[in-house]
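Each chain gets a letter, A, B and so on, in the order the sequences are listed, and its residues count up from 1.
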Amino acid sequence: MTLRMAEPVSVSLDGVKKWYGSFAAVRDVSLAIAPGEIVSLLGPSGCGKTTTLRMIAGLETADEGEIRIAGQVVNDVAPWKRQIGMVFQNYALFPHMTVEENIAFGLQMQGMGRSGIARQVREAMAQVRLGGMEGRRPSQLSGGQRQRVALARAIVTRPRVLLLDEPLAALDRKLREQMQVEIRALQRDLGITTVFVTHDQEEALTLSDRVVVMEAGQIVQSGTPAEIYERPRSRFVSDFIGFTNAVAGTVEGIREGAMQVRLASGHVVPLEGAEAGFPAGHAVDLVIRPEKLRLSLAPEARPGDIPGTVRHVVYMGAVTYYHVEIGGGATLIAMMPNDADGSGPPGQGSRVGLSWRPGHMLVFPRAAAAA
Amino acid sequence: MTRALTEETAAVPRMQQPAAGAAPRRRWRALRQVLAPVLLLLPGAVLLALVLVWPFLTMLGISFTDRYPNGAALTLDKYRDVLGDPYFLRIILRTFGLGLVVTAITALLGYPVAWYLARSRSRWKHLVFLGVIAPLLVSIVVRTMGWTILLGNEGLVNSALMALGLTDTPLPLMQSFWSVVLGMVHILLPFMVLSIATVLGKIDPSLSEAAALLGAHPVRNFLRVTLPLSAQGVAAGSVVVFCLSIGAYITPLWLGRGQVTVLAISIHEQMVVLVDWPTGAAASMVLTIGTFVILALYGLAFARHARR
Ligand SMILES: Nc1ncnc2c1ncn2[C@@H]1O[C@H](COP(=O)(O)OP(=O)(O)OP(=O)(O)O)[C@@H](O)[C@H]1O
Ligand SMILES: [Mg+2]
């Protein structure tokens, strides 16, 4: 790979806050990003992702807290001195310049010579597979091509940090998945510390070393994609990361080392390995992902199972979703791969049993809003 | 009328029988492509022909006669009079010089104001905007009057200077080319500010943010990104200000106190005072054609710049 970066650098935020008037857009964000790491900021609209990114870039000043790049506090360093590459949500390509001129801009600002610029631009364009587009204006490009130009423009200057603000949001699914793979490969090749903003949880999971989930200007959980997916720390995170089932229940007490929860349907469910113990009588939500539910066709045969009736069957190609009514107004959705193991899939109306491995059913205190 | 037109255009293709097929439909579409612009342009074109082209052609005709009315021969004499006379030449140069100077100054003064209006998030912004357009609400006559009150022999500036003992006799603040420039800049500045601000306001602020992150220092950032992208606004404002200033009459007359004769004043003199229509018409033609030539050069330069 010809475009090689200098040593990767760390980025850290320490107690960073940002107010717009009396509104706290970012309240107390602390985050340490290791050199060469790719971190995604994930969260609902308005939770402060863009603001956080813009503070790292220096386009917005932090009202409190410290931002460090390579260990140095950069709060007062102007954006044009920070050596940061950024891909804006709308790409922000210069409309009056050709593709080539757009990519060359940063190198010109560095005072590089003509021949050096030409070579580097050519290499960057090859890297994002834009060959032949040199003379076009941004307005003559497709969304995916624009995105590549923006990426090439951001990496050609060999920045210390790469910031991506929902760069794939405008692309269709297929192109988006393709670009995710490319960005990941590029980032790995260049070894460049990257912060990636998205509100697409799938994108966050596939693209990052670490996922940082934000809510209302704060980080609510940060961890590897698997940690975030398997062990969400709150109902908010579990809902935000992937599709989940939730059923309401009440804690009965602890028996045989497991917390007993009575569901609205009347079933009492033992929860081994439930981390947080709740006092008896506490209202909780039981949360499980559809693919963690196991479906068996003979409910009576298996004593631990929760019996239910299949109400809907949603065929999705590789998998099928079964909406199982378990009584008391509660429905759990189970996902099964369509691997045709011969037993035959349960049809609508069939009686089934639901079970799960210990630890897969998560317990969260019932939030007022979620009740 | 437009409503009827759209209904008709929508209805006709649907009425075509499938058997009648694609050919008539294609012909209709072709016709529509020709017709639509014609109909859209017609009212404006008629008005333009009536109020612009017709008087222009009349004046053009008069400028080639030796006398008006009852002119006999077709002659170029009057053009020779206008272009050959050092007095007229000086007026022509002064007029276009005034236009260029006023345009340049309004552009230089107007750009920062337009920038402020387009970019500031301050709550004073609306006041500044009001301040910019307020002069447009007052007639040019009144505004020029204001300047004569300020700059006259008994005016505010001279009274102040004399009260401070800086001068014994009133300074001739009016009668000069620059006093006319001052008044014209004041009067025409809003046009420049508004046309630049409109274009600046449409520039995506993230463009200069992107440039900054690519290492562009604010000055280079401005020169490479914002200025080229706002050039159209400067161009549009310049055309308006230039055309208005070379055609100005009242302001050069009053603030120049007869010492700063421009073409408009001279034309008025020829036609109304001296009742020499052909010479006045020839001078008008010089003004008009000169304007066209300068605008065309400007347009060419701009097109080349934009293509780059
Ligand atoms: N210039 C501003 N003035 C006032 N409030 C602002 C400004 N910019 C952002 N905000 C507010 O700050 C909050 C965080 O905004 P931010 O753009 O960081 O959200 P986000 O997480 O990027 O959302 P999205 O996913 O919709 O892009 C929002 O509530 C927004 O309304
Ligand atoms: Mg955002």
Side-chain angles (χ1 to χ4, degrees), chain A residues 20-21 50 53-60 74 77-98 101-112 117 124 135 137-138 146 149-165 167, chain B residues 107 111 114-116 118-126 195-239 298-308:
Chain A
Y20 288 116
T50 297
L53 209 63
R54 288 172 61 82
M55 285 192 287
I56 298 174
L59 299 174
E60 223 62 78
V74 293
V77 177
W80 57 91
K81 292 182 187 154
R82 288 196 188 190
Q83 291 174 271
I84 279 176
M86 181 156 172
V87 175
F88 289 73
Q89 186 159 3
N90 62 355
Y91 311 143
L93 298 178
F94 305 127
H96 58 305
M97 298 183 197
T98 61
E101 288 165 341
N102 263 282
I103 300 173
F105 186 88
L107 298 174
Q108 287 167 354
M109 293 303 120
Q110 290 178 349
M112 185 179 280
I117 291 179
R137 293 289 171 103
R146 277 178 213 178
V149 177
L151 196 60
R153 186 179 68 173
I155 58 167
V156 77
T157 54
R158 310 177 182 205
R160 301 190 295 173
V161 180
L162 185 61
L163 305 176
L164 306 159
D165 192 355
Chain B
Y111 202 104
W115 175 282
Y116 176 83
R119 288 290 161 87
S120 168
R121 287 187 209 158
S122 155
R123 58 197 147 121
W124 301 110
K125 182 173 146 174
H126 301 286
S195 60
I196 297 176
T198 310
V199 175
L200 275 180
K202 280 191 226 136
I203 300 177
D204 181 355
S206 62
L207 293 180
S208 44
E209 290 177 349
L213 289 176
L214 288 165
H217 187 271
V219 176
R220 293 189 81 181
N221 196 330
F222 174 76
L223 293 177
R224 289 286 311 269
V225 177
T226 312
L227 188 61
L229 287 174
S230 60
Q232 283 201 348
V234 180
S238 298
V239 166
Y298 199 79
L300 274 181
F302 200 77
R304 185 162 312 151
H305 168 86
R307 222 179 303 122
R308 255 193 315 121

Q: My understanding is that only residues two or more places apart in sequence, or in another chain, count here; which of them pass ring-ring contact (aromatic ring centres under 6.0 Å, His included) with B:Tyr111?
A: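 Here the qualifying residues are B:Phe222.
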Q: Just verifying a value: how many Å separate A:Phe88 CZ and B:Asp204 CG, rounded to the nearest 0.5 Å?
A: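 Between atom CZ of A:Phe88 and atom CG of B:Asp204 there are 8.5 Å.
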Q: Against chain A, work out which of B:Ala216, B:Pro205, B:Ser208 has the most heavy-atom pairs shorter than 4.5 Å and name it.
A: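 Option with the greatest count: B:Ala216.
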Q: Of the backbone (N, CA, C, O) and the side chain (C-beta and beyond), which part of A:Leu107 lies under 4.5 Å from a heavy atom of chain B, both, or neither?
A: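 Neither part; nothing is under 4.5 Å.
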Q: Identify which of A:Met109, A:Met97, A:Gln108 forms the greatest number of heavy-atom pairs closer than 4.5 Å to chain B.
A: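 Ranked by contacts with chain B, first place is A:Met109.
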Q: Considering only heavy atoms, which portion of A:Gln89 lies under 4.5 Å from any heavy atom of chain B: side chain, backbone, both, or neither?
A: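 Looking at A:Gln89, nothing touches chain B.
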Q: Compare every heavy atom of B:Val234 with every heavy atom of B:Ala107, then report the nearest pair and how far apart it is.
A: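 Minimum heavy-atom contact is CB-CG1, 4.5 Å.
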Q: Tell me, for A:Phe94 versus chain B, whether the close heavy atoms (under 4.5 Å) come from the side chain, the backbone, both or neither.
A: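 For A:Phe94, the contact with chain B is made by backbone and side chain together.
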Q: Of all the heavy-atom pairs spanning A:Val156 and A:Ile103, show the shortest one and how long it is.
A: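 Looks like CG1-O, 3.3 Å.
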Q: Checking A:Arg54 against chain B: side chain, backbone, both or neither under 4.5 Å from a heavy atom?
A: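 For A:Arg54, the side chain is the part near chain B, not the backbone.
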Q: By ring-ring contact (aromatic ring centres under 6.0 Å, His included), which residues pair with B:Tyr298, not counting sequence neighbours?
A: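 Once residues adjacent in sequence are excluded, B:Tyr298 has no partner under the ring-ring contact (aromatic ring centres under 6.0 Å, His included) criterion.
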